[in-house]
Amino acid sequence: MDSPGVHQAALAERIRAVVRAIAPGQVAGYGEVARRAGLPGRARLAARVLSSNEDPQLPWHRVVRSDGRIAFPAGSEGFLEQGRRLQAEGVAVVAGRVRMPSRTTSLDEAIWG
DNA sequence: CTCATGACTAGCT
DNA sequence: TAGCTAGCCATGA
């Protein structure tokens, strides 16, 4: 199915589907979303899809950068909005960052719990 | 066509 | 930890 004849609209459709599949209280990186949509390396495309998204039902706020940072400029409206929505779902947001699934806070915690 | 831009990433210093 | 660089790719001027 991933033939070189697919349109951009179809790709955007897949990306939105993947974003919709992110469970509440969870987050995913742009690159991860793209990869799940069958588009490895297209993190930028995923970001573009969200930037041009018009669907109010799309949980775009669950998508962050690979390092857990919110992609919007700190202090911007989008930045505040995303942080607000994430915290409303129980996601810990500290200084514009969220804890990524496979990222430990400290070595001690990783070893000793 | 070329050039600049951006809700990105990984690697190196 | 932080900053810089190069690669990435769709869009618009």
Side-chain angles (χ1 to χ4, degrees):
Chain A
M1 294 295 253
D2 297 307
S3 56
V6 293
H7 316 144
Q8 163 282 337
L11 303 184
E13 195 67 36
R14 284 198 196 181
I15 291 173
R16 279 192 291 270
V18 170
V19 173
R20 268 191 294 270
I22 302 172
Q26 286 195 320
V27 295
Y30 292 92
E32 196 174 323
V33 167
R35 204 180 47 213
R36 289 185 191 178
L39 304 167
R42 304 292 182 272
R44 264 180 141 141
L45 176 59
R48 225 196 101 66
V49 168
L50 295 188
S51 70
S52 61
N53 163 65
E54 295 176 11
D55 183 354
Q57 302 304 295
L58 191 71
W60 56 269
H61 57 275
R62 296 180 191 145
V63 186
V64 297
R65 296 202 313 208
S66 63
D67 59 359
R69 269 287 252 144
I70 288 177
F72 289 104
S76 69
E77 192 52 44
F79 176 92
L80 296 173
E81 173 75 10
Q82 184 164 12
R84 197 183 311 143
R85 289 188 181 215
L86 287 173
Q87 293 195 55
E89 293 188 346
V91 177
V93 181
V94 181
R97 291 172 124 172
V98 303
R99 294 206 180 187
M100 291 302 272
S102 50
R103 179 78 185 194
T104 53
T105 308
S106 66
L107 184 58
D108 292 324
E109 191 172 309
I111 298 176
W112 302 104

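In the text below, chain A, chain B and the rest are named by the order of the sequence lines, each starting its count at 1.
Between the C1' atoms of C:dC8 and B:dG6, the separation comes to 12 Å (whole Å). With both ends at atom C1', the span from C:dA13 to B:dC1 equals 13 Å, rounded to whole Å.
In this structure, CG of A:L50 is placed 17 Å from P of B:dG6, rounded to the nearest angstrom. Regarding A:R69, its CZ atom lies at a distance of 15 Å from the C1' atom of B:dT9, rounded to whole Å. When rounded to the nearest whole Å, the span between CZ of A:R48 and C1' of C:dA10 equals 6 Å. Between the CG atom of A:L11 and the P atom of C:dT11 there is a distance of 10 Å, given to the nearest Å. Taking atom CD of A:E32 as the reference point, atom P of B:dA7 lies 21 Å away to the nearest angstrom. The interatomic distance linking A:F72 (CZ) with B:dC8 (C1') rounds to 13 Å, in whole Å. Across the protein-nucleic acid pair, A:H61 atom NE2 and B:dA7 atom P stand 19 Å apart, rounded to whole Å. Atom CG in A:N53 sits about 17 Å away from atom C1' in C:dA10, given to the nearest Å.
A:S66 has no side-chain polar atom (N or O) that falls below the 4.0 Å cut-off from OP1 or OP2 of B:dC8. For B:dG6, the OP1/OP2 oxygens have no side-chain nitrogen or oxygen of A:S51 closer than 4.0 Å. Regarding contacts with the backbone of C:dT11, a side-chain N or O of A:Q8 is found under 4.0 angstrom from either OP1 or OP2. Remark: A:R42 is in phosphate contact with C:dC9, judged by side-chain N or O atoms under 4.0 Å from OP1 or OP2.
Residue A:G31 is in sugar-phosphate contact alone, with no base atom involved, counting any heavy-atom pair closer than 4.0 Å across all strands shown.
Of all heavy-atom pairs between A:W60 and A:E81, the closest is CH2-CG, 3.7 Å.
Remark: the A:R44 side chain and the C:dC9 base include no donor-acceptor N/O pair separated by less than 3.5 Å.
Between the side chain of A:R62 and the main chain of A:I22, a donor-acceptor pair closer than 3.5 Å is present.
Using a cut-off of 4.0 Å between Lys/Arg side-chain N and Asp/Glu carboxylate O, A:R85 and A:E89 are scored as not salt-bridged.
Atoms CD1 and CG, on A:I15 and A:L58 in that order, are 10.5 Å from each other to the nearest 0.5 Å.
Residues A:F72 and A:E77 form no side-chain contact, since every pair of their non-hydrogen atoms from C-beta on lies 4.5 Å or further apart.
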